[in-house]
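Each remark here refers to the structure printed beneath this line.
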Amino acid sequence: MSDYLDRLNPEQRDAVQSLDGPLLVLAGAGTGKTRVLTTRFAHILLSGRASPHQVLAVTFTNKAAREMRERVGAILGHPAEGLWLGTFHALCARMLRRHASELGLTSSFTILDTDDQLRLLKQVMEAHRIDAKRWPAPGLMGAIQRWKDRGLTPDRITPAEDTEFGGGAARAIYADYQARLITLNACDFGDLLLHVTELLRTRPEILDGYHRLFRYILVDEYQDTNVVQYLWLRLLAQRADAPANICCVGDDDQSIYSWRGAEVENILRFEADFPGAKVVRLERNYRSTAPILAAAAGLIAHNDARLGKTLRPGRNDASGEKLTVAALWDSDEEARFVGERIENLRRDDHRLSEIAILVRAGFQTRAFEERLITLNIPYRVIGGLRFYERAEIRDALAYLRCVVQPADDLAFERIVNVPRRGVGDAALASLHAHARARSIPLISAAAEMIDSGGVKGRVRDNLRALITLFAECRDDLDRGVLGHVAVVERLLDESGYTAMWKADKSPDAPGRLDNLSELTRAIAEFETLAGFLEHVSLVMDNDESAGDDKVNLMTLHGAKGLEFDSVFLPGWEEGLFPSQRSLDEGGNKALEEERRLAYVGITRARRRAILSHAANRRIYANWQSSIPSRFLEEIPSEHVEQTGSAAFAREQVRNAPPVFGSPFGLTARRPKTIEAWEQPARPARSSAIAVGARVFHQKFGYGTVTSAEDGRLDVTFEKAGSKRVMDNYVEMV
DNA sequence: CGAACATCCCTTTTT
DNA sequence: GGGATGTTCG
């Protein structure tokens, strides 16, 4: 009956069978982490220790949750039903809907996307008369999110944790923002965790209910938890009546999300947090060849803040290619090099889908895309704009929200003038004023102003048609006259939204229409519109049909958890990787995180890893020179094969007499800031256009320059009068 | 109100 | 170099 246990190695089996008390499983890359987690889950159920709904299983991604659900089902022999299995956010949303009224929400609250969050925050900031120029809203949004990541409600922010933002107004804005969310019956992402945690810590009877419910807690990717997630877990796990039955699986060496609030300390501190905790290390790697593992291990050994763990080959083959490190002249050559190697792999019958190019930052993909296009090699970029983030999809969803949630002001604002209905800033402002005065949602305010004559003419007719359409669609749904898919189609057609894109002559309009029909298809898979909207806000999935045979292009962050036969790791240069920006902000801690990122990159490879760096790189408009990443030297050289046109030059540098009096030559002493990442110094341009010159401007016509300074010209135009213009907008005549 | 122009920025982004 | 976002004029 327990043949599923036979398929584990001794450490894995230990992790699965240690069922009493807290357990930390330190699972290195490729050591069977998911297998342990799913088998443990199934083992708890099959051994009769708990029934499915008594286990709380938390992941970070929907993909991981889906995978776990499937694999548990496979071991059980039937689909697993009634599980508390999902992402932190999905589980919290579920809990929050149960207790919504405690917080002044209804159980049908909306979960806002980032667009809406920002728009709402801007409104609040405006009310506080904050100069949007001086204090850009995204900055404060970030601060609020960090507060939420750390479990800080507005009243919990101590002066030490406050920010300079807005000249000290940040806390008050945060508080108002939270209040507005409640009025709108809405939550942002951070709220899901924040609200539930707050509830658990202030309402013992609610917490007690969950203590009685959950006998086991399983947590995936524990190294990526932030403070509020940690608090949530600890509240649920620590109980008076019994030891905490929590099992966390993670890898401190793969913690790469500190900038999102993740705290490696959570995993480093586990044994202190949960006394009597048992720690199991999984170190046998079944994924990669010996050289790849040795290279990764050598690299990560340079980090200090580690729990310590060494990857060992699980298979007994010492074979395997060395890593390739290619030194190239410039970034164009690097793209050509990678393209050429991929062509070779393809010629040798390697599947393209088993090849990945992993970059540090999104903008690096472009060069490779261009190269792959010219070589006619199919590729996919993973991670870019996701389906539900596209403008047309967000618009369509806003239409739906207006129907399902008439109080959703943010949704209404988004689409009230899309397509154009003549409702501009002025009209919207008067709607707002009326809504605020009467304390009613915008849609109701609009209805009242139509009746009262507060809006007139074309705007009135358009608004009336729109609001009537919403009401009718709502009615169709309530009375079941039309199925929800038919309602969606009606809504998008009669509002003129579909027509807007049909009339659009831009090249991407057809694609957008395709996306809209794709959306309708997705809606059809759900029972109700509300259910669909919940899915959308929580499951921003990127279901790139992974089946096609295409080269995978993505960031290192996006590659976590994936594996490929061949992995290209370009751009290993100081300033780019490790990223200068990170280093400036986070010092040595940040450097260690960059190194973990490098470790994640190398350990994605099953059979071969091809690293590269360029001596000259095109950044924005101009060329900058760069030096190889320090990480390259941290990889034990016996596992590396050097190649590339610039390899010889690099050897010369290495063997050259010491520079700066250092015994290690150039490599030991690095300038603190790398030229490539300094602000591109804008040379005080001695403009070729001098005072008195006669010039032509596209818009203003002919004129004479009266003063010229740093590229800015004062010009007296013959027709348009005196203007200040940039010199690159005029031509000399 | 909306198009055209000008300016500003440019890491990573599991939900 | 380029996309997103404001500003300005018709």
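Note on naming: letters A, B, ... go to the chains in the order of the sequence lines (proteins, then strands), and numbering restarts at 1 for each one. None of these values were measured; they are calculated from a predicted model.
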What's [X] touching, base or sugar-phosphate or nothing? Going by heavy atoms closer than 4.0 Å.
X	answer
A:A64	nothing
A:G422	sugar-phosphate
A:R421	nothing
A:F88	nothing
A:G362	sugar-phosphate
A:Q145	nothing

C1' gap between B:dT12 and C:dT5, integer Å: 23 Å
Nearest listed nucleotide, side chain of [X], among [options]:
X	options	value
A:K122	C:dG2, B:dT12, C:dG6	C:dG6
A:L538	B:dT15, B:dC1, B:dT12	B:dT15
A:A361	C:dG2, B:dT12, B:dT13	B:dT12
A:F189	B:dT12, B:dT15, C:dG2	B:dT15

Integer-rounded Å distance: [N] [atom2] and [X] [atom1]:
X	N	atom1	atom2	result
A:E126	C:dG6	CD	C1'	14 Å
A:Q364	B:dC10	CD	P	16 Å
A:D332	C:dG1	CG	C1'	13 Å
A:L597	B:dT12	CG	P	11 Å
A:L96	B:dT15	CG	P	19 Å
A:Q624	B:dC10	CD	P	16 Å
A:L193	B:dT15	CG	C1'	9 Å
A:E221	B:dT15	CD	C1'	14 Å

Lys/Arg-Asp/Glu bridge criterion (N-O < 4.0 Å) met for [X], [Y]:
X	Y	answer
A:R71	A:E67	yes
A:D115	A:R414	yes
A:E593	A:R596	yes

Pair A:H557 and A:Y257, ring centroids less than 6.0 Å apart: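 Ring centroids of A:H557 and A:Y257 are less than 6.0 Å from each other.
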Nearest-nucleotide 5' precedence on DNA chain B, A:A426 against A:K560: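 Nearest-nucleotide comparison on DNA chain B picks A:A426.
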Presence of [X] side-chain N/O under 4.0 Å of [N] phosphate oxygens OP1/OP2:
X	N	answer
A:R420	B:dA3	yes
A:N417	B:dG2	yes
A:S579	B:dT12	no

Cation over ring face, A:R617 and A:W623, 6.0 Å, 45°: no
A:Y388 six-ring centre to A:R394 NZ/CZ under 6.0 Å and within 45° of normal: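 No, a cation-pi geometry is absent between A:R394 and A:Y388.
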